[in-house]
Amino acid sequence: MLARLRPYLPTAALAFLIFYFAFHAFTGDQGILSSGQRSETLTAKTRELASLRAQRQDLEVRAKLLRDTSLSADLLEERARSLLGFADPRDYVIRMNP
């Protein structure tokens, strides 16, 4: 019986390999069916990157205003009051958690 099937063994092995690689091409981690999830992740990371860039830009502007060459009196007063916990009696203080 094995002698009759012997000519078909290479064809069966090749068919198995084709099926195996095709299956993983569709359902694997990097497969065709997971491209939607990758797109969603890319969109979320792009939004996060834009937010972080805006935060960095704001921090760079604030840091520039605190340098010796271009010191902003208003920003300096704001930082001093924030760090020391003081407020002018005429100020409205709204405390927010960062």
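- With contacts defined as side-chain heavy-atom distances shorter than 4.5 Å, the pair Leu52/Glu48 qualifies.
- Asp58 CG to Arg56 CZ: the interatomic distance, rounded to the nearest 0.5 Å, is 12.5 Å.
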Extract all donor-acceptor atom pairs below 3.5 Å that involve side chains of residues 5-24 and protein atoms in other chains or at least two apart in sequence.
none

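- Between atom CG of residue Leu59 and atom NZ of residue Lys64 there is a gap of 15.0 Å, rounded to the nearest 0.5 Å.
- Residues Ser51 and Arg47 form no side-chain contact, since every pair of their non-hydrogen atoms from C-beta on lies 4.5 Å or further apart.
- Side-chain N or O atoms of Thr41 include one that pairs as donor or acceptor with a backbone N or O of Gln37 at under 3.5 Å.
- Under the ring-ring contact (aromatic ring centres under 6.0 Å, His included) criterion, no residue pair touches residues 26-80, with sequence neighbours excluded.
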Determine, step by step, whether Leu49 and Lys45 satisfy the side-chain contact (heavy atoms from CB on, under 4.5 Å) criterion, reporting the C-alpha distance in whole Å, the side-chain angles of both residues, the deciding distance to 0.1 Å, and the verdict. CA-CA 6 Å; Leu49 177 63; Lys45 294 295 181 182; over 6 Å; no
